[in-house]
Amino acid sequence: MTKRDAAPSARRSRLGAPLAPSFYDRPTELVARELLGAVLECTTPEGVTRGRIVETEAYLGDHDDACHAVAGLTRRTKDLFGPPGISYVYFIYGMYWCFNAVTRERGHGSAVLVRAVHPTDGLPLMHARRPKAKRERDLTNGPGKLCLAMGIVGEMSGRSLRTPPLMIRAGEPVADDQVIVTPRIGITRAADWPLRYLVRDDPFVSATPKHFQQRTWSP
DNA sequence: ATCCGGATCGCCT
DNA sequence: GGCGATCCGGATG
């Protein structure tokens, strides 16, 4: 009568392998869609936090007017122009960090912005870092919020996503009919390009403006 | 539920 | 000098 686990929950706690650079060295739209379900992990002296990626946006490079790559190679964008599979963390609105994974070959200037994660590990730490979050979903349902909750900061930019402090691991894949595609949030240029990907009905996805065009992903 | 303004600052024009 | 790949709190329907 030992209290062995009654439910098959072991599967849930097994960690996937970090995604290889070859995963990222593909068309950015595809990487953005396939990053749904992968696990973002951040390790700091305070502890480890993890979350399943449920919302992403593709930024295509210097031909995409909403992408930071249009500014060219500057101090701010140097990591964006780095090799596939590294982080690009940038500072925005004088207050917040946003996390991207760099895609395509070095020098392309394309990346995937992670806009929301569904927390799986380190929830007490996330709550401590986000005292303003009233509801559970407010912890990580936005690009700035998830960086606050997970402790992602600018010093973590430009580094491989296969080793700490920032990693992305393989996770449970998301079926095609669960993926919704809409325009990107909060931009003024190329505002109608359908490059935002989200998991249908996940409570941690950020709000979609009512007037946005919305369709299901088709491969 | 949706809209609006304020906070705050590095970066490019 | 002005503008963001944002968040939050308060006002309004």
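The figures here come from the full heavy-atom set of this structure, side chains too, leaving out hydrogens, waters and symmetry mates. Numbered from 1 within each chain, the chains take letters A, B, ... in sequence-line order.
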Using purine N1 to pyrimidine N3 plus N6-O4 or O6-N4 for Watson-Crick, or N1-O2 and O6-N3 for G-U wobble, each under 3.5 Å, what pairs with C:dG10? B:dC3
Encode nucleotides 6-13 of chain C as B, S and - characters from 5' to 3', where the letter depends on protein heavy atoms closer than 4.0 Å: B to the base, S only to sugar-phosphate, - to neither. BBSS----
More than 12 heavy atoms of other residues, nucleotides or ligands under 6.0 Å from CZ of A:R159: yes or no? no
What pair of heavy atoms forms the shortest contact from A:E136 to A:H127, and how long is it? OE1-CE1, 3.2 Å
What's the CZ-C1' distance between A:F91 and C:dC3, to the nearest Å? 14 Å
Between A:R130 and A:T140, is any side-chain donor less than 3.5 angstrom from a side-chain acceptor? no
Find the distance A:H68:NE2 to B:dT13:P and express it as a whole number of Å. 13 Å
Would you kindly give the CZ-to-P distance between A:R76 and B:dT13, to the nearest whole Å? 12 Å
Taking distance alone, no hydrogens or angles, what donor-acceptor pairs closer than 3.5 Å link side-chain atoms of residues 202-210 of chain A to residues at least two apart or in another chain?
from, atom 1, to, atom 2, distance (Å)
A:D202, OD1, A:H118, ND1, 3.3
A:D202, OD1, A:F204, N, 2.8
A:D202, OD2, A:H118, ND1, 3.0
A:S206, OG, A:E55, OE1, 3.0
A:S206, OG, A:E55, OE2, 2.8
A:S206, OG, A:R196, NH2, 3.4
A:T208, OG1, A:R196, NH1, 2.9
A:T208, OG1, A:R196, NH2, 3.3

Given atom OH of A:Y88 and atom P of B:dG10, what is their separation to the nearest angstrom? 15 Å
Between A:L73 (CG) and B:dC12 (C1'), how many Å, whole number? 14 Å
Passing option when A:R33 is tested against A:T56, A:D176, A:T28, A:V112 for side chain to side chain contact (heavy atoms under 4.5 Å, CB included): A:D176
CG of A:N100 versus P of C:dA5: gap in Å, rounded? 11 Å
Whole-Å distance between B:dG10 C1' and A:D79 CG? 15 Å
4.5 Å side-chain heavy-atom contact, A:T77 and A:Y90: no
For atom CZ of A:R215, decide whether the heavy atoms of other residues, nucleotides or ligands shown that lie under 6.0 angstrom number more than 12. yes
Would one find a side-chain N or O of A:T74 under 4.0 angstrom from OP1 or OP2 of B:dC11? no
So what's B:dT8 paired with, Watson-Crick or G-U wobble, going by both distances under 3.5 Å? none
Whole angstrom is fine here: how far is it from CZ in A:F212 over to P in C:dA5? 14 Å
